[in-house]
Amino acid sequence: MKLIKAVIRPDRLNDVLKALYRVEVKGMTVSRVHGHGAEAETVETYRGTTVKMELTEKIMIDVGVSEPYVEATIDAIVENARTGDVGDGKIFVLPVERVVRIRTGEVDSAAVTPVK
Amino acid sequence: MKLIKAVIRPDRLNDVLKALYRVEVKGMTVSRVHGHGAEAETVETYRGTTVKMELTEKIMIDVGVSEPYVEATIDAIVENARTGDVGDGKIFVLPVERVVRIRTGEVDSAAVTPVK
Amino acid sequence: MKLIKAVIRPDRLNDVLKALYRVEVKGMTVSRVHGHGAEAETVETYRGTTVKMELTEKIMIDVGVSEPYVEATIDAIVENARTGDVGDGKIFVLPVERVVRIRTGEVDSAAVTPVK
Amino acid sequence: MISAPDTAWVLISTALVLLMTPALAFFYGGLVRSKNALNTMMMSFIAMSVAGVLWPLVGYSLAFGEGNSFIGDFSMVLMNGVDLEANGTIPHMLFFAFQGTFAIITAALVSGAVVGRMAFPAYMAFIGAWLVLVYAPVTHWVWGGGWVDHTLGALDFAGGAVVHVNAGAAALVAAYVLGPRKDYGRQALLPHNVPFVLLGAGLLWFGWFGFNGGSALAADGIAVLAFTNTMLAPAATLLVWAILDLMNTKRVTAVGLATGVVVGLVSITPAAGFVSPVSALVIGALAAVPSYFALEWRARTRLDDSLDVFAAHGLGGIVGAILTGVFAQTSLGSPAAGLVEGNPGQVLSQALSVIAVFAYSGILTVGILKAIGLVLPLRVDDKQERQGLDLANHGEEAYSTGEGALLLLDDEAVGVFDMDPDHDKPSRFVTTSEEAR
Amino acid sequence: MISAPDTAWVLISTALVLLMTPALAFFYGGLVRSKNALNTMMMSFIAMSVAGVLWPLVGYSLAFGEGNSFIGDFSMVLMNGVDLEANGTIPHMLFFAFQGTFAIITAALVSGAVVGRMAFPAYMAFIGAWLVLVYAPVTHWVWGGGWVDHTLGALDFAGGAVVHVNAGAAALVAAYVLGPRKDYGRQALLPHNVPFVLLGAGLLWFGWFGFNGGSALAADGIAVLAFTNTMLAPAATLLVWAILDLMNTKRVTAVGLATGVVVGLVSITPAAGFVSPVSALVIGALAAVPSYFALEWRARTRLDDSLDVFAAHGLGGIVGAILTGVFAQTSLGSPAAGLVEGNPGQVLSQALSVIAVFAYSGILTVGILKAIGLVLPLRVDDKQERQGLDLANHGEEAYSTGEGALLLLDDEAVGVFDMDPDHDKPSRFVTTSEEAR
Amino acid sequence: MISAPDTAWVLISTALVLLMTPALAFFYGGLVRSKNALNTMMMSFIAMSVAGVLWPLVGYSLAFGEGNSFIGDFSMVLMNGVDLEANGTIPHMLFFAFQGTFAIITAALVSGAVVGRMAFPAYMAFIGAWLVLVYAPVTHWVWGGGWVDHTLGALDFAGGAVVHVNAGAAALVAAYVLGPRKDYGRQALLPHNVPFVLLGAGLLWFGWFGFNGGSALAADGIAVLAFTNTMLAPAATLLVWAILDLMNTKRVTAVGLATGVVVGLVSITPAAGFVSPVSALVIGALAAVPSYFALEWRARTRLDDSLDVFAAHGLGGIVGAILTGVFAQTSLGSPAAGLVEGNPGQVLSQALSVIAVFAYSGILTVGILKAIGLVLPLRVDDKQERQGLDLANHGEEAYSTGEGALLLLDDEAVGVFDMDPDHDKPSRFVTTSEEAR
Ligand SMILES: Nc1ncnc2c1ncn2[C@@H]1O[C@H](COP(=O)(O)OP(=O)(O)O)[C@@H](O)[C@H]1O
Ligand SMILES: Nc1ncnc2c1ncn2[C@@H]1O[C@H](COP(=O)(O)OP(=O)(O)O)[C@@H](O)[C@H]1O
Ligand SMILES: Nc1ncnc2c1ncn2[C@@H]1O[C@H](COP(=O)(O)OP(=O)(O)O)[C@@H](O)[C@H]1O
């Protein structure tokens with residue numbers, strides 16, 4: 001079991017969702033985050049105050065998948081989140097020791113396989 | 001040391017908090033996330049635009065616990081977050097190599113034991 | 001490769017960002033979270049309703065770094081996020097199996113080294 | 001004879017009172033959770049439609065038609081005879097419009113008791129029926145030549161009984177009939193947007209100058225008196241409220257302050273044109289106390305009058321109505337003297353009018369709700385309640401980020417007006433299995 | 001001779017109409033994504049500046065100067081001769097101010113068609129040019145003694161053609177000339193703040209009482225009639241809209257309701273002082289239908305009139321203008337009889353006036369945009385569009401948390417007024433490598 | 001003799017001015033961080049209570065009682081003699097109410113300088129004392145028959161000196177006495193809700209028509225002139241502001257625009273009824289410049305006048321007051337001629353009045369704050385400042401999600417009104433160790 005954490009651009013989310021759907025990865029958790037990286041910073045001005053905004057809006061996707069799905073998931077994300085400009089984001093693959101489906105108590109692979 | 005990541009329904013949060021308190025797990029970090037799973041999707045309409053909302057509101061809880069607390073924590077969450085309907089959420093158990101308490105610099109188990 | 005997850009106070013974020021910059025850690029992802037710990041709870045009143053607010057605002061920082069940077073990153077965070085009062089937060093170090101830079105497909109160390 | 005300045009003043013007053021309904025939408029809408037924000041606001045807004053249409057159809061005629069002591073008649077149905085001829089010093093049609101805005105806001109006020117659980121179609125039916133069966137007759141009693149005015153001689157300058165006691169009673173029983181929200185008493189109802197509550201309170205105050213000041217139906221001294229009292233009474237209420245808050249929680253709360261504004265405004269409503277400004281300060285100050293403690297106490301009961309319509313409007317209206325009987329001065333133009341001018345009987349008249357309105361409104365409201373309950377579900381189901389009524393009743397979110405929202409389009413409708421053909425077409429998200437490969 | 005009550009009523013009406021522009025900012029601003037919220041609001045606000053300055057400079061003179069049948073003249077440039085002498089029963093200057101607020105809102109209305117992509121400098125240039133070249137002459141045709149009034153005899157009480165058809169036509173072609181947003185049809189445009197939309201609708205309704213009621217230019221029966229109709233027509237529109245919504249999606253939507261309010265108000269605008277309240281209810285009810293379906297249909301096309309200015313204002317205005325020809329009654333003071341009084345020709349006049357305004361506005365708008373496009377970029381680039389126009393055009397975020405915002409200060413500027421010298425100085429975030437050690 | 005149309009106009013103007021205080025709450029509240037949003041708004045709202053009660057008690061009498069050249073007397077304490085008799089052409093009580101709304105907004109204006117750190121009880125004490133000791137006498141000087149009017153002959157149509165210079169001076173020294181916020185200069189103060197800032201600016205503009213237009217105290221030509229100028233001056237300010245913004249940051253900012261509206265309104269306030277519309281355009285345009293650069297410069301100093309009350313109101317008021325001396329025209333009804341009519345002395349009078357008000361207000365404000373500081377803590381402590389004043393001072397959050405909020409109930413209070421006994425009782429969250437098992 002792996003937890004795949006991907007940071008992507010907000011406007012790529014819908015395409016990534018669709019692509020994951022196509023590779024049968026149907027469960028995931030999404031959060032709004034702010035990223036800091038090599039992307040150009042924006043300057044904002046409010047009255048006399050000028051600030052450099054070091055953070056840009058990103059979306060983080062957490063997907064728990066069993067081993068056979070890892071490559072497909074990564075590929076689906078990379079292909080659909082890529083624009084080629086700096087700031088496209090990163091994917092982290094973390095090892096997972098256990099997954100539990102709260103509703104049924106099922107564990108591991110069974111827990112991430114969607115109900116039909 | 002483990003990091004237990006649980007995705008639950010927002011309206012179960014208070015009960016989960018109380019239950020964790022009872023098993024002496026008193027430190028945790030909570031975030032608002034959106035989940036995508038087998039749950040029924042909602043349809044929203046704004047003027048002529050109809051959308052299928054693929055994401056539903058969830059809460060993610062991150063709890064760092066030392067080994068002896070792992071089972072109790074999982075049980076407390078499962079019991080209190082379960083409603084039996086699709087969408088109750090998942091728990092992921094991740095291995096942690098190190099935990100540091102910023103205030104004191106204490107590490108690992110000492111770092112997650114609450115101050116009295 | 002490690003993923004360093006740090007929970008800190010919102011008002012320490014800017015200093016932590018600057019400190020990380022100085023140790024050449026320039027990529028990271030930041031999210032708004034709520035923490036629950038040993039910190040004093042606040043009581044709020046809305047008309048006849050009085051509530052104990054168990055959660056306080058925190059910031060979570062996720063930094064993926066290659067091994068040589070781990071200590072420097074932790075030190076930078078600890079030093080700059082510390083106020084000495086209860087509630088300063090925690091750092092979790094998680095093992096990472098793979099990192100992918102979405103824009104280029106580079107993996108692991110190459111993926112977290114900032115572009116010049 | 002029609003007076004142009006009176007017409008000008010009542011015109012703008014009517015606009016001000018109409019603004020109170022959106023203001024109420026914000027006052028109420030800010031107090032609920034975000035998942036119910038739109039539903040709560042819609043309950044006010046839809047009153048502008050339902051009551052706005054029923055008033056010319058039949059409501060006005062039942063309220064102000066000659067009829068008998070208890071109800072008007074159908075003589076002015078569909079605004080028959082409501083023309084530009086003088087009614088007092090303003091055109092009859094303006095009086096009709098001014099009164100119409102009162103009907104709208106009164107119906108909307110009740111909604112605060114049923115937020116977070118009432119099904120919207122049932123709510124629409126309810127306020128329609130309530131307007132015709134409760135609001136119109138009660139208005140007739142007090143302002144349409146009915147028994148409360150003529151027989152009882154009770155005073156109600158701008159609607160303490162007609163509007164606030166009436167709505168407060170309906171709210172109380174509606175909360176009882178519907179029952180509490182499922183998570184009532186377990187999950188705290190925290191206001192999702194307190195600035196909206198303050199915005200609502202500020203706009204309500206602004207609009208209330210039309211409500212009370214306009215009720216003089218002329219740009220004269222009575223209007224000035226009512227206006228000034230509408231400014232001073234809430235100021236006094238606020239000060240007392242702030243002191244109570246400081247004593248109780250050591251802090252002056254914003255939601256408390258917003259509530260205090262409304263309580264002060266409600267309390268001066270029946271008295272506005274009949275009492276001196278100093279009396280207005282006293283009335284405002286006194287009115288703070290019962291409402292403050294009623295709010296404290298209500299939250300500890302099982303009575304889920306969620307936004308405390310009874311505590312704010314019901315009690316505020318009762319206190320105001322009684323104190324009108326105390327402070328009314330014929331020297332200021334009040335048609336009846338109050339206790340301060342040596343007429344204790346007026347206090348009794350006032351109390352009786354309150355009881356009559358309260359009882360009638362309460363009983364009829366139960367009846368209407370039970371009757372509607374036979375035809376339509378009064379409440380949404382538990383799952384919808386958990387999910388929030390914005391989604392369940394309206395299919396919308398108040399604050400949407402658009403993430404994860406996939407467009408649904410009828411393929412056949414696409415392209416009819418396709419003016420930019422080489423641009424890629426809006427695509428329907430396809431989930432069929434062949435596509436998934 | 002100047003009448004004080006008429007002056008009072010037109011004064012407050014003018015203030016009410018001015019408030020409609022901020023109201024529109026909220027109506028429009030709530031409908032867009034948060035990344036474009038400020039830009040959308042600014043498009044309305046800046047109209048108060050651009051149109052507010054051009055109106056006294058030249059706009060008023062072109063609209064109301066004697067001139068010929070098609071356009072005014074330069075006789076009143078820089079308010080020459082616009083003084084406190086009577087113009088009808090109010091001071092000329094007040095008429096000027098009242099009309100100025102109409103110019104502002106009309107220019108702002110168009111912006112709904114171009115949100116999320118138009119460059120702000122080009123937008124500013126556009127509304128300036130449009131005001132002078134389109135709004136001023138069209139106003140002259142209808143209210144300034146021009147041919148639509150004198151030759152055609154078309155009725156337009158408060159601006160159905162001048163304001164709404166005019167803006168609707170401009171919006172339609174502006175959306176076409178600019179082309180759709182890059183993600184149009186792929187990413188749904190969900191309103192980021194529906195309560196703002198409702199706030200805008202509520203304030204618009206409030207302001208519209210000045211728009212229609214004030215157009216009587218007196219506190220008289222016509223004002224009362226226009227006012228009452230402005231209250232009733234949208235109520236009817238809302239009810240029909242709610243029913244259509246229920247039939248279509250089984251739910252009454254809040255955005256729909258807010259839209260319905262505007263459609264109802266638009267539709268009664270040309271008719272307000274000429275038709276009976278019952279006709280107003282009918283006009284409001286009828287107007288719901290075409291706009292409702294146009295909204296449904298537009299979203300399925302490639303025409304990115306993003307906030308449906310054409311469907312709401314254009315169509316609402318057309319329907320209202322035509323129905324004015326149906327329901328106008330000389331018995332109520334209308335200068336021409338409508339179909340109901342046996343004058344079918346009036347419907348034709350109305351239709352012709354609509355066509356003329358529509359065609360002129362549409363064609364000139366294309367010309368103005370094309371001309372500006374030669375000098376300034378009409379659209380922001382794709383990256384800016386993706387990033388949002390608040391950042392790109394204004395360098396601001398609507399809702400900022402301040403996280404990750406590092407102050408930039410000119411070191412030399414610090415300390416000039418340094419009154420608390422032992423406090424640590426504001427520090428400039430330094431990123432040079434020597435500093436980093 | 002009382003004139004009904006004048007009464008109508010001043011009535012609505014009074015309501016408009018009262019609305020400016022909630023409007024200010026939004027203008028200010030949107031500019032701060034969300035953790036201080038309610039506190040900032042409450043500072044405006046509470047002025048409606050403190051000033052609203054002190055005005056009838058004593059403030060009005062000190063301002064408008066006969067007294068001497070420097071202060072009124074106690075003859076009208078508790079509104080003694082403030083009745084419905086004519087004062088000019090309106091009832092005395094209406095004049096009292098109209099002036100009361102000015103007192104409220106002026107006190108609230110000062111709060112912008114002390115947000116994010118001032119303890120609320122000290123703030124309440126401050127505005128109470130300031131109203132009586134500063135606002136009332138200064139008003140007496142200028143409008144109550146005092147020396148600025150009679151001896152100096154300075155002009156102040158609607159409160160350039162009385163309201164804006166006065167509040168600006170108090171703000172400046174209050175910011176100095178309180179000292180900057182702890183994170184001032186290190187953490188940028190980004191507006192948490194720019195739409196609220198725009199809403200506030202829009203409503204302020206709307207209300208200002210009552211402020212300036214109503215100051216004519218009649219529905220006459222002067223009101224029309226003041227009204228028109230109130231519409232044109234800010235339009236010109238905005239345009240200049242936008243150009244300065246474009247030159248400075250290449251982008252027109254929304255916060256800048258909102259600020260420009262206020263600056264323009266402030267600058268025309270002292271001149272509104274005395275200058276021609278073209279002069280108003282010039283005044284508005286000129287006023288943009290000093291305020292714009294003062295804002296830029298202030299942010300680089302250690303002076304934490306957090307919301308730039310001095311730069312916007314103080315400077316705007318000074319510029320307006322001086323330019324009134326330049327552009328005032330007796331031909332338009334100004335009691336004194338300005339420089340353009342060949343009276344350079346008027347500019348000097350204006351300057352002296354500004355200096356006098358500034359000095360008096362500044363010195364007294366220091367004294368009042370120091371005195372209060374002996375009794376009450378002026379600032380919250382550092383931890384509370386970090387946590388935010390909404391929690392610290394009011395025990396509330398502006399935007400609460402309700403997550404992690406556990407209900408606290410007194411067990412004994414539960415069940416008194418328990419109407420649904422089989423429903424599980426509200427449970428108190430129990431943390432004792434036996435329960436934990
Ligand atoms: N080391 C890192 N740890 C965690 N998140 C990172 C890291 N580096 C980058 N990110 C995330 O990825 C986003 C894009 O990274 P960036 O370096 O700007 O562009 P790119 O990946 O295209 O080189 C950042 O905004 C941030 O959210
Ligand atoms: N594979 C996964 N990875 C991460 N989160 C998941 C995954 N599957 C489900 N979730 C989270 O759990 C929630 C509930 O999952 P769902 O499949 O809808 O119901 P259930 O767990 O009851 O079968 C989702 O909304 C999502 O937040
Ligand atoms: N076991 C834990 N797992 C995850 N997050 C934790 C844990 N304990 C504390 N935290 C986070 O760290 C924050 C500070 O912890 P707390 O115990 O209050 O103070 P301190 O770390 O100073 O002892 C909490 O608000 C929470 O966000």
Side-chain angles (χ1 to χ4, degrees), chain B residues 5-23 26 28-61 76-90 92, chain D residues 32-39 42 116-117 120 181-190 192 380-417 426-432 435-436:
Chain B
K5 272 185 115 65
V7 181
I8 61 167
R9 296 182 191 276
D11 48 308
R12 305 311 309 153
L13 176 63
N14 278 8
D15 287 350
V16 170
L17 283 183
K18 290 180 205 173
L20 288 175
Y21 196 93
R22 286 201 203 93
V23 296
K26 294 177 179 174
M28 74 202 65
T29 299
V30 168
S31 37
R32 297 168 73 82
V33 297
H34 285 90
H36 181 62
E39 239 180 318
E41 282 133 4
T42 49
V43 170
E44 304 184 3
T45 310
Y46 299 90
R47 290 179 164 179
T49 305
T50 306
V51 297
K52 192 161 57 156
M53 197 49 77
E54 303 260 307
L55 301 174
T56 45
E57 293 201 353
K58 300 283 166 189
I59 292 283
M60 169 138 20
I61 307 180
I77 298 175
V78 169
E79 273 163 37
N80 287 281
R82 182 179 290 169
T83 68
D85 290 340
V86 173
D88 280 351
K90 303 273 187 288
F92 300 94
Chain D
V32 300
R33 295 195 192 106
S34 61
K35 68 177 181 179
N36 292 324
L38 292 184
N39 177 250
M42 289 284 278
R117 55 203 191 280
F120 200 67
R181 283 162 292 138
K182 286 301 158 199
D183 62 3
Y184 179 69
R186 279 179 300 125
Q187 198 98 29
L189 174 58
L190 303 194
H192 87 287
V380 299
D381 66 35
D382 289 18
K383 219 184 128 191
Q384 293 181 313
E385 196 178 318
R386 226 170 30 229
Q387 192 188 27
L389 272 69
D390 289 4
L391 274 176
N393 271 338
H394 309 289
E396 293 169 298
E397 293 173 74
Y399 313 99
S400 179
T401 61
E403 277 152 23
L406 298 175
L407 273 176
L408 293 181
L409 292 172
D410 335 336
D411 285 66
E412 56 290 1
V414 177
V416 179
F417 205 65
S427 67
R428 195 175 189 282
F429 178 42
V430 181
T431 59
T432 54
E435 280 269 357

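So you know, we letter chains A, B, ... as the sequences are listed, proteins then strands, and number each from 1. Every heavy atom of this structure was used, including side-chain atoms; hydrogens, water molecules and symmetry mates were not.
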Say you draw a straight line from [atom1] of [X] to [atom2] of [Y]; how long is it, rounded to the nearest 0.5 Å?
X         : Y         : atom1 : atom2 : answer
Thr83(B)  : Arg386(D) : OG1   : CZ    : 6.0 Å
Glu396(D) : Thr42(B)  : CD    : OG1   : 12.0 Å
Thr56(B)  : Gln387(D) : OG1   : CD    : 9.5 Å
Asp183(D) : Asn14(B)  : CG    : CG    : 10.0 Å
Leu406(D) : Met53(B)  : CG    : CE    : 9.0 Å

### Message
List the residues meeting ring pair (Phe, Tyr, Trp, His ring centres under 6.0 Å) with His192(D), not counting sequence neighbours, and say none if there are none.
### Response
Tyr399(D)

### Query
Between Glu397(D) and chain B, which part of the residue has a heavy atom less than 4.5 Å away: side chain, backbone, both or neither?
both

#### Entry: chain B contact via Gln187(D) - which portion, at a heavy-atom distance below 4.5 Å
side chain

### Task
Quick one: closest heavy-atom pair of Gly404(D) and Leu55(B), and the distance?
CA-CD1, 3.7 Å

### Query
Is it the backbone or the side chain of Asp85(B) that comes under 4.5 Å from a heavy atom of chain D, or both, or neither?
side chain

